[in-house]
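Just so we're on the same page: letters track the sequence lines, and every chain starts at 1.
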Amino acid sequence: MEVNMERIIELVEDLDPGKVYDELSHPGSGAICVFFGAVREATKKRKVSHLFFEAYENMALKEMNRIADEIEQKWDLNKVIIKHAVGNKKVQEPVVIVGASSAHRDSSFEACRYLIDTLKEKVPIWKKEFFDDDEVWVSAHP
Amino acid sequence: MKILFFGITRDIVGETMVDARDLKEIGTVGELRDLLNAKYPRLKDLSSLNFAINEELAEDFEAISVNDEIALIPPVSGG
């Protein structure tokens, strides 16, 4: 297994999607796979005005590093990025960027899927949806 | 002990953080859960409610010490 996987793990107010190619680029990587999560304009046909994200920052960074530890064991990767936004985010703004670079594409495709699925399941970050007349913490209630 | 409230638990409790050094009778996560549920019944309506001790998820049987940082972890929804 690759022992020198580099990782970029951050919680930030503003994500810069334009930087991600340079962040994941590596002389040993012939493949870079990236997933962006963005703010959608509607939930169940209700118009969303914006989203608010908050994190238990120290624990979130710890969990994000744990995910990186896991994928380092599972796939041969040169670089991994896990970045999530906090604060208010408008429609079409990016809220999460995960990605991986590897010698060949299979590893980075598979790792990228694992990164976003595991982040959504485990990292202590919460999203509140704001509508014109209401606000709802996502997934809080059955 | 310090208790941190995130997401909907902050809205329900109305606090971001409580310094609860007085809660000497609280020995375990389960006891803290029962106390908070009694004081803030809306916590019981959540899909799930986990607790973290010093940034690690903890089961109800686990012991809490006076210097621990406890956090309420309602269902996560990042991404």
Side-chain angles (χ1 to χ4, degrees), chain A residues 9-12 15 35-40 43 48 51-67 82-87 89 94-98 112-130 134-142, chain B residues 1-20 26 28-30 32-34 36-60 62-79:
Chain A
I9 291 176
E10 286 178 8
L11 293 166
V12 289
L15 290 170
F35 172 86
F36 295 106
V39 181
R40 192 179 50 230
T43 290
V48 170
L51 299 181
F52 171 75
F53 288 90
E54 76 174 35
Y56 180 10
E57 295 205 2
N58 289 343
M59 183 175 172
L61 291 168
K62 203 184 266 190
E63 292 293 334
M64 290 153 87
N65 271 291
R66 202 166 276 164
I67 297 170
I82 311 173
K83 286 192 187 186
H84 203 293
V86 291
K89 293 290 141 197
V95 301
V96 60
I97 300 176
V98 297
C112 192
R113 179 79 202 217
Y114 185 86
L115 281 169
I116 187 61
D117 289 352
T118 314
L119 178 147
K120 288 179 81 88
E121 183 190 333
K122 294 200 170 153
V123 178
I125 296 174
W126 297 272
K127 168 166 53 194
K128 194 179 215 180
E129 289 177 325
F130 284 81
D134 199 8
E135 49 188 74
V136 176
W137 286 104
V138 175
S139 303
H141 291 104
Chain B
M1 92 193 75
K2 194 161 77 172
I3 307 175
L4 307 177
F5 301 95
F6 291 100
I8 192 164
T9 67
R10 178 164 42 74
D11 286 359
I12 291 172
V13 172
E15 303 274 3
T16 303
M17 195 266 279
V18 169
D19 195 340
I26 297 297
T28 64
V29 170
L32 179 61
R33 179 192 298 278
D34 291 345
L36 291 169
N37 280 344
K39 196 166 178 191
Y40 307 101
R42 287 172 61 207
L43 292 175
K44 291 187 283 188
D45 299 334
L46 302 179
S47 308
S48 67
L49 181 58
N50 287 313
F51 286 72
I53 302 176
N54 301 325
E55 302 164 7
E56 297 288 342
L57 287 178
E59 303 286 341
D60 275 8
E62 290 186 47
I64 297 173
S65 307
V66 282
N67 293 321
D68 284 342
E69 177 177 288
I70 312 297
L72 272 67
I73 312 285
V76 300
S77 52

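Using a 4.5 Å cut-off between heavy atoms, Tyr56(A) contacts chain B through both its backbone and its side chain. With a 4.5 Å cut-off on non-hydrogen atoms, Ala38(A) does not touch chain B at all. Looking at Asn50(B), neither its backbone nor its side chain comes within 4.5 Å of chain A, counting heavy atoms on both sides. Contacts between Leu49(B) and chain A at a heavy-atom distance below 4.5 Å are absent for every atom of the residue. Using a 4.5 Å cut-off between heavy atoms, Phe52(A) touches chain B through its side chain atoms alone.
Ranked by heavy-atom pairs shorter than 4.5 Å toward chain B, the options Ala60(A), Pro142(A), Pro124(A), Gly37(A) are led by Pro142(A). Across Asn58(A), Leu119(A), Val95(A), Val96(A), the residue that shares the most heavy-atom pairs under 4.5 angstrom with chain B is Asn58(A). Here Pro75(B) is the residue among Ser48(B), Ala71(B), Pro75(B) with the most heavy-atom pairs under 4.5 Å with chain A. Top candidate by heavy-atom pairs under 4.5 Å with chain B, chosen from Val98(A), Val123(A), Ile125(A), is Ile125(A).
Heavy-atom contacts from other residues, nucleotides or ligands closer than 6.0 Å to CG of Asp19(B) number more than 12. Within a 6.0 Å radius of NZ in Lys122(A), no more than 12 heavy atoms belonging to other residues, nucleotides or ligands are found. Summarising the local packing, CD of Glu59(B) is surrounded by 12 or fewer heavy atoms from other residues, nucleotides or ligands at distances under 6.0 Å.
Using a 4.5 Å cut-off on side-chain heavy atoms (C-beta onward), Ile8(B) and Lys128(A) make no contact.
Although no hydrogens or angles enter the test, the distance criterion places a donor-acceptor pair under 3.5 Å between the side chain of Ser47(B) and the main chain of Ser139(A).
Considering every non-hydrogen atom in both Gly79(B) and His84(A), the closest pair reads N-NE2, 2.8 Å. Between Leu46(B) and His141(A) the shortest heavy-atom distance is CD2-NE2, 3.7 Å. The two residues Met59(A) and Ala52(B) have their closest heavy-atom pair at SD-CB, 3.8 Å. Contact between Trp126(A) and Ile73(B) at its shortest, heavy atoms only, is CZ2-CG2, 3.8 Å.
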